[in-house]
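Notes follow the structure.
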Amino acid sequence: MLNIVILAAGKGKRMHSDLPKVLHKLAGRPLLQHVLDTARALKPAKLCVVYGRGGGALPEQCKGADVVLVKQEPQLGTGHALKQALPHLTKDGITLVLYGDVPLIAAGTLKRMLKPNQLTLMTVELDDPAGYGRIVRDDYGTISRIIEDKDANVSEREIREINTGIMAIPTARLQNWLSRLGSKNAQKEYYLTDIVVLAIKDGAKVSSIQPKHVWETLGVNSKTQLAQVERRYQRERANQLLEQGVTIADPSRIDVRGELTCGRDVEIDIGCVFEGEVTLGNRVSVGANCVLKNVKIAADTELLPYCVIDGAEIGGHCRIGPYSRIRPGTVLENEAHIGNFVEVKNSRIGKDSKANHLSYVGDTTVGKNVNIGAGTIVCNYDGANKHRTVIEDDVFIGSDTQLVAPVTVRKGATIAAGTTVTRNAPAGELTLSRVKQVSVRGWKRPVKKAVTGDR
Ligand code: UD1
Ligand code: CA
């Protein structure tokens, strides 16, 4: 049986924020959420989060039938924190301790720690170990204790092997060891790290493992560290995509805040952000500085720079942008073109149809092979309700047309430029509403009045 306890009661003072530290976001999700997901990958029998004062929003954020939340108040150290979780744990097997502010730890690394009947520490060697608990070993290299930075003497401070804080403890011993912890130390806290000495006294084996990458153990204590961890995370995501064969113009200028699934020969230019679930089909190319959220794009579609697409399904061989905005509920069929400064919302655009310049298309069903001219506006909102517009196949809409919904433009109709369509337009005919053009003969432009006197 595996218990996992995530310690997350720390105050996070150095974040200078009203939000509990573990709710600050990495790649769009709370730090704690990352740790919870990793923990779940190990299929624990019990999953426990210890949170503290100011953790108001925390229970809401880490909801889940499988999570037991335990409040630690006051916060008297890591040993005291783990003790709060004890009543909720199974009595045998292994208890794995994770930190809510160490979000990059990999499940594969944790799996290597799960050795029965022994205390296993995760340690790393750092060039600058300042601030961390040091791993003290005897002449044979056997671990003898952990000394906290604040309690260490000068020679102990030179030890470069540090305690990452992540450890696996035989659950059967836990109650006994935690009850024997004292707080006679520089911080007057109950240090979980002191169980090393107790384990050795009791004849239990103490060993250590190292993570595959040191960065897995990076902690977040400040906004600076949060930004560093974010970059590290994003670089990893980019590397994974590169390994799958995605072309990324600059792996240090891409942000994936969710799931990005790519087909073959996908190209992504600089500065793109992917949120939620995004799927890019074979040979899709994404121009510079696009933001895509919950979008599915079929093969061979080209996004030119600066497109913002949210909640849409895009067909194959489409061409979008530059500067297009596509909003939720939109479906583009194959070969549709959406051009610059065109906004499409909750609409279906049929195969081969085009809206290439400066238009708003909302709550509209557009058929196949339709041309929507520059400056066309669908007036879908009457100030109280939204109405639908239907534009059937083969329609040509001249520039600067307004379509006042609800309205239908029948198959093959042509709407003259500048028309305000308020009634259904019949199939195959020209519809126009336009004041007849007149010219005023002899008309003179006004001129400025001559200024008289000295004002
Ligand atoms: C701890 C370790 C230290 C290790 C370092 C790694 C101890 C005594 N020291 O030190 O050996 O090198 O982490 O970063 O364990 N927490 C609680 N309740 C508390 C105190 C802490 O839940 O009362 C949580 C924090 O939210 C955090 C984790 O425990 O997730 C570590 O706490 P922190 O104060 O950062 O410990 P350090 O002093 O850095
Ligand atoms: Ca810390």
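Because the structure is predicted, anything quoted here is derived from the model rather than measured. Each ligand, and each atom within it, is numbered from 1 in the order the structure gives.
Evaluation of the salt bridge (Lys or Arg N to Asp or Glu O under 4.0 Å) test over residues 280-290, restricted to residues two or more places apart or in two chains, returns R283-D300.
Inspection of the E189 and S183 side chains reveals no N or O donor paired with an N or O acceptor under 3.5 Å. Side chains of N340 and Y323: a donor-acceptor N/O pair is absent below 3.5 angstrom, by distance only.
At a heavy-atom distance under 4.0 Å, only backbone atoms of L76 (N, CA, C or O) approach ligand 1. Counting heavy atoms under 4.0 Å from ligand 1, residue A9 touches it through both backbone and side chain. Looking at T164 against ligand 1, only its backbone comes within 4.0 Å, counting heavy atoms. Proximity of E189 to ligand 1, defined as any heavy-atom pair under 4.0 Å, is not found for any part of the residue.
Among K351, K368, K354, R319, the single residue meeting the salt bridge (Lys or Arg N to Asp or Glu O under 4.0 Å) criterion with E335 is K351.
For Y233 and H34, the ring centers sit closer than 6.0 Å to each other.
In terms of the side-chain contact (heavy atoms from CB on, under 4.5 Å) criterion, residue partners of Q72 (sequence neighbours excluded) are, by chain and number, A9, V50, Q75, H80, A81, Q84.
Near A81, with a cut-off below 4.0 Å to any heavy atom, the atoms of ligand 1 are 17 (C), 18 (N), 22 (O). Each of the following atoms of ligand 1 lies closer than 4.0 Å to a heavy atom of E148: 2 (C), 3 (C), 7 (C), 8 (C), 9 (N), 10 (O), 11 (O).
The distance criterion of under 3.5 Å between nitrogen or oxygen atoms is not met by T193 with respect to ligand 1. Ligand 1 has no nitrogen or oxygen under 3.5 angstrom from a nitrogen or oxygen of V50. Any N or O atom pair closer than 3.5 Å counts here, and G133 shares at least one such pair with ligand 1. Residue-to-ligand polar distances place G10 within reach of ligand 1: an N/O pair is separated by less than 3.5 Å. For ligand 1, the polar-atom distance check against Q187 finds no nitrogen or oxygen pair separated by under 3.5 Å.
A 4.5 Å side-chain heavy-atom check between N380 and R388 finds every atom pair outside the cut-off.
In this structure, G77 is part of the shell of residues with a heavy atom less than 4.0 angstrom from ligand 1. Residue contacts with ligand 1 leave out I162, since none of its heavy atoms falls under 4.0 Å from the ligand. Ligand 1 lies within reach of Q72, whose nearest heavy atom is under 4.0 Å from it.
Remark: among candidates Y132, Y99, Y191, the nearest residue to atom 1 (C) of ligand 1 is Y99, based on non-hydrogen atoms. Taking each of L31, I135, L98, T78 in turn, the one with a heavy atom nearest to atom 32 (O) of ligand 1 proves to be T78.
Classification of E73 and K71 as a salt-bridged pair holds, one side-chain N sitting under 4.0 Å from a carboxylate O.
Counting heavy-atom neighbours within 6.0 Å of N117 CG, excluding the residue itself, gives a total of 12 or less.
Considering CD1 of I209 and NZ of K111, their distance stands at 13.0 Å, rounded to 0.5 Å.
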